[in-house]
Amino acid sequence: PAELAAYCLMLADDALVASARLSEWCSRAPELEEDIALANMALDLLGQARLLLARAAAADPAVVPLLPAGSPVPAEDALAFFRDVDEFLNVRLAEAPNGDFAHVVVRILLFSSARLAVLQRLRGCGDAVLAAVAAKGVKELTYHRDWSGRWFLTLARGTDESSRRLRGALDSLWPFYPELVVEPPAVCGVLGVDFGGLGAEVDGVLDLVFEVSGVERPRGGGLAGAVGRDGVHTEALSRLLAEMQVVARAHPMGCW
Amino acid sequence: PAELAAYCLMLADDALVASARLSEWCSRAPELEEDIALANMALDLLGQARLLLARAAAADPAVVPLLPAGSPVPAEDALAFFRDVDEFLNVRLAEAPNGDFAHVVVRILLFSSARLAVLQRLRGCGDAVLAAVAAKGVKELTYHRDWSGRWFLTLARGTDESSRRLRGALDSLWPFYPELVVEPPAVCGVLGVDFGGLGAEVDGVLDLVFEVSGVERPRGGGLAGAVGRDGVHTEALSRLLAEMQVVARAHPMGCW
Amino acid sequence: MTLDLQEKFDAVIAHHDRIEPRDWMPEGYRKTLVRQIAQHAHSEIIGMQPEGNWIGRAPSLRRKAILLAKVQDEAGHGLYLYAACETLGVSRDELVEMLLTGRQKYSSIFNYPTLSYADVGTIGWLVDGAAICNQVPLCRTSYGPYGRAMIRICKEESFHQRQGYELLRTMMGGTDAQRQMVQESVDRFWWPSLMMFGPPDEESPNSARSIAWGIKRNGNDELRQRFVDMTVPQAEALGVTLPDPELRWNDERGHYDFGAPDWAELAAVIRGDGPCNAQRLAHRRAAHDDGAWVREAATAFAERSAR
Amino acid sequence: MTLDLQEKFDAVIAHHDRIEPRDWMPEGYRKTLVRQIAQHAHSEIIGMQPEGNWIGRAPSLRRKAILLAKVQDEAGHGLYLYAACETLGVSRDELVEMLLTGRQKYSSIFNYPTLSYADVGTIGWLVDGAAICNQVPLCRTSYGPYGRAMIRICKEESFHQRQGYELLRTMMGGTDAQRQMVQESVDRFWWPSLMMFGPPDEESPNSARSIAWGIKRNGNDELRQRFVDMTVPQAEALGVTLPDPELRWNDERGHYDFGAPDWAELAAVIRGDGPCNAQRLAHRRAAHDDGAWVREAATAFAERSAR
């Protein structure tokens, strides 16, 4: 039904957009090992996005943009490449432009901690496909969280510069955090999942990381105004999509 | 005829792409005065591009990309927004991604010195429209060259850092210089213009600037392989065009 | 002596004449003016960003030229206004420092993102429209250099407003997708535009003093009403719906009634928690920091040449 | 003693057996190996850029995943090869330094730009194809760690080559615009691919010694011919034209005849004047420099934890 499709789109867009930002790190990491790790995480999220987009399309074919008759473009690609920016429902944390390595560590920590908590709950949800995607995702996101937690600690306790950069990255991304732990109530009934206590759970995980690292939890809440889940984004997303969609849109009848 | 159209496209694309890079400086210059100056030069080149694209379309309507029947998009916009990257004929100097302020100073110096010499010759050419565009452009480019020459001198003789940055920018852009002073022979017959001695003339202007500034002329010639005038570009141009064309292409029947 | 000066100052204000830079003025007047002119200048400079965001993507070359020239005008306005402020004994460097460290503010509206090309039109129509409502009375402000800068700026602003409206009108005459884009943009910018006039008068304690000094000429609510009355017919002509269910003509008052903006949102944006506050300041700071070596080189070169 | 060692080394080479890290080896052999393996490792790392350029623009999510995984594999190949090189007593840091300062080279092919998505396929088909022609014989190279790394790499490279070919085949089955894109890409990459085998044998003085040492197993021209013979039928199956008017089957030789690449262009590219040399090194240097503080932090943290 429509609620399930909409919810799958949100989860898919989070993964798709976060994956795109991680991919931009390719060939730019501080060490080859981290280049490989970042690509791995980007691939995990891309894989999740594909399954979720397909689920959304199957749950409600009306969400898939119309293409010219006879177009061979599959539903996952129609959704990824032929929706406009205000139809994307991802949280804004996913789209924030890349900064330095501390920035990607913090982004992954916040993103994976919240998504892991969501997918853990969804493993037992009423939709078998979504439950399976969630189960697979839980393993992947556990790795993402551990990787980013390790680096968070390393940077916090490394040098003065790394600690300064880490705190700067945390301050700059923190205002996007509240969006991550809000769950649309409409979906609960459909899926039979209880999202109660989600925020507190993720807070707890993060507090643990902050404590071990000797980093103070930033004050301040979220930002005023509409959010990513409303289709209202930062200025960065339309640029990201312009790049992502340019070739696909130039060839609506293309075979790839 | 076709040769005139092709030549107008080359000159138009140089201006259009160079203008796009200058526009990216908007709200990023070291002082408000320079922000205004850079926007001025971007506007001058954009104006030249529009006249030249219109001239190309009039000289040979076959160069204008086909749009859906009834599209209100004028020829200048069809040419700017609906050609693919390998149909752009600009020199690669115009498309090189922006660097620091020294980089934009060097780019403008090289670009305006060469273009000024070309337009000075074209003022007397056999095509009245092109001659008029050239006459207007000569005034504008004289200002661009003087602005960049003044800044070249200032940075060369300013601080150690500014001098180091200036030389770095010059080294990085110099390999694109030879493309600027090659003129396609086909056009000479059509226009009745003698491009002989163009390279030596521009060399002379630059040598003067280098000498006054105490900067050594870089060694080394151009790059191996195909060039911008062949439609073969750097990796940067397709990204620039993806941004430039994204809205126009999303609305081929749009009115702006 | 000071009494005489104060009397003379009061007389000028009472006669709606101009105070000039060399005239004596109370310190509170000077400070209020500096704060207001600086905030206005900063708004022009920060305001380059949301529109500048679309220069590279302008969908026609004509619109690209119009937009680039407009953003350039904003830089020019910033220049005049910094110059006006300098006549009050503050340097441009100090003012820039105040902006970059967050001690002086800029208009809250620029903390909202621009998300489609229609926003370029909407900013021209609504945001410049609101700015003009605010600024036209300032052409008669009591401080000479500020008033004269405003005259020039208002002329250009109304040109910009017409261009913005014309873009929207053209888009409304285009495709369905374009009309939707305009409506979506107006939906996002309507309430923030109303907030541009500041909080309601009863919560705007400094307003009264500014009015007494002739720095401001009207209260926030009066200007907001004027803006709504002016804009509603334009929206109708354009064919867009303003996103306020309470908006309707009140025959008795001779004005449009309208709903209350979300004042908590305005407070959050002013506090620094708007969608783009951090981004706008970071952009400005990066430009400033990236340009430091250039300014140093220019200074060094000028000193060397002067020798 | 050294004589005995030399004899033993020569015997291993003569028997096509492997030299292992702890075995004695002539200094020239070691140096040649370091140079060759390092160049190969650098090529994998620099080779991430031209294809990485299109990850963000991949036109389907399936292709995006394939491309991202491929570029990731290249990073992995770089890792194995640096490790193989380290068995010869050179650290990865030293090797990276040699790359960044231009004292060691990487494959000339990566100094050409990628200009359309078809280039991703063409690089898989032609560039990886040429690399495989070069590398399959290296699985039998005389230095053990290198040979074993090559076995693993070759397996992944042929997978990449098939993926590249499959992309081109799919595009050739698509629209006219896609077919044109493939042809245009092949036109640009054909000659540079032939140049990947290096200059003609008579101008490649080090080749003979490398062959004698069992480091290389074949001459440049022989491998180039093998590549052409393998590729022409594939091009026919694909439906693209290779941009060489002299290309035709020679019944007598049992090989395809083909034209001479522009050796002056190859020399220029190797000298540093290819279209992208400066860009590729600058990108690598920026990544290295930007990561310095992270590596320092990791070292500092490890030291602190060890205490």
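Treat the numbers as computed from the prediction; the structure is a model and nothing was measured. Reminder, nothing fancy here: chain letters follow the sequence lines and each chain counts from 1.
Here the straight-line distance linking atom OG of C/Ser305 with atom CZ of B/Arg157 works out to 9.5 Å at 0.5 Å rounding. Atoms SG and CD1, from B/Cys26 and C/Ile55 in turn, are 4.0 Å apart once rounded to the nearest 0.5 Å. To the nearest 0.5 Å, the span separating CZ on B/Arg50 from OG on C/Ser60 amounts to 7.0 Å. Residue C/Phe301 holds its CZ atom at 10.5 Å from CZ of B/Arg150, rounded to the nearest 0.5 Å. Taking CD from B/Glu161 and CD from C/Glu296, the interatomic distance works out to 7.0 Å, rounded to the nearest 0.5 Å. Here the straight-line distance linking atom CG of C/Leu167 with atom CH2 of B/Trp256 works out to 7.5 Å at 0.5 Å rounding.
Neither the backbone nor the side chain of B/Ala250 comes within less than 4.5 Å of any heavy atom of chain C. Of the two parts of C/Arg169, neither the backbone nor the side chain holds a non-hydrogen atom closer than 4.5 Å to a non-hydrogen atom of chain B. Contact annotation for C/Ile45: only side-chain heavy atoms (C-beta onward) come within less than 4.5 Å of a heavy atom of chain B. Of the two parts of C/Ala58, only the backbone, made up of N, CA, C and O, holds a non-hydrogen atom closer than 4.5 Å to a non-hydrogen atom of chain B. Heavy atoms of C/Leu79 lying under 4.5 Å from chain B belong to its backbone as well as its side chain. Both the backbone and the side chain of B/Ile36 come within contact range of chain C, each with at least one heavy atom under 4.5 Å from a heavy atom of that chain. For B/Arg165, the part lying near chain C is the side chain, with the backbone staying farther off; criterion is any non-hydrogen pair under 4.5 Å.
The shortest heavy-atom contact between C/Gly78 and B/Leu32 is C-CD1, 4.3 Å. B/Thr159 and C/Ala300 get closest at one heavy-atom pair: CG2-CB, 3.9 Å. For the residue pair B/Ser27 and C/Ala287, the shortest heavy atom distance occurs at O-CB, 3.8 Å. Across all non-hydrogen atoms, the minimal contact from B/His251 to C/Ala177 is CE1-CB, 3.9 Å.
Residue-environment remark: CZ (B/Phe82) exceeds the threshold of 12 foreign heavy atoms within 6.0 Å. The 12-atom threshold is exceeded at CD of B/Glu87, counting heavy atoms of other residues, nucleotides or ligands nearer than 6.0 Å.
You'll find the side chain of C/Arg295 reaches within 4.5 Å of the side chain of B/Glu31, heavy atoms only. Considering only heavy atoms from C-beta on, C/Asp290 stays 4.5 Å or farther from B/Phe101 through its side chain. When side chains are defined from C-beta on, B/Asp100 does not count as touching C/Val294, because their heavy atoms never get closer than 4.5 Å. The shortest side-chain heavy-atom distance between B/Leu155 and C/Trp293 falls under the 4.5 Å cut-off. Side-chain atoms of B/Cys255 and C/Gln178, non-hydrogen and from C-beta on, do get closer than 4.5 Å to each other. Residues B/Leu53 and C/Leu61 have side chains in contact (heavy-atom distance under 4.5 Å, counting atoms from C-beta outward).
Listed for the B/Asp35 side chain is no donor-acceptor partner under 3.5 Å among the backbone atoms of C/Gln72.
Counting heavy-atom pairs under 4.5 Å between each of B/Leu240, B/Asn40, B/Asp160 and chain C puts B/Asn40 at the top. Contact tally against chain C (heavy-atom pairs below 4.5 Å) for B/Ser19, B/Ala80, B/Gly47, B/Ala39: the top residue is B/Ala39. Top candidate by heavy-atom pairs under 4.5 Å with chain C, chosen from B/Glu33, B/Gln245, B/Met253, is B/Glu33. Highest contact tally toward chain B, considering only C/Glu166, C/Arg92, C/Lys64, C/Glu74, is held by C/Arg92 [criterion: heavy-atom pairs under 4.5 Å]. Chain B forms more heavy-atom pairs under 4.5 Å with one residue of C/Leu68, C/Thr299, C/Thr175 than with any other, namely C/Leu68. With chain B as partner, the option from C/Met171, C/Arg63, C/Arg62 having the largest number of non-hydrogen pairs under 4.5 angstrom is C/Arg62.
Salt bridge C/Arg57/B/Glu24: absent, no basic N to carboxylate O contact under 4.0 Å.
No option in C/Gln49, C/Met48, C/His283 other than C/His283 meets the side-chain contact (heavy atoms from CB on, under 4.5 Å) test with B/Arg28.
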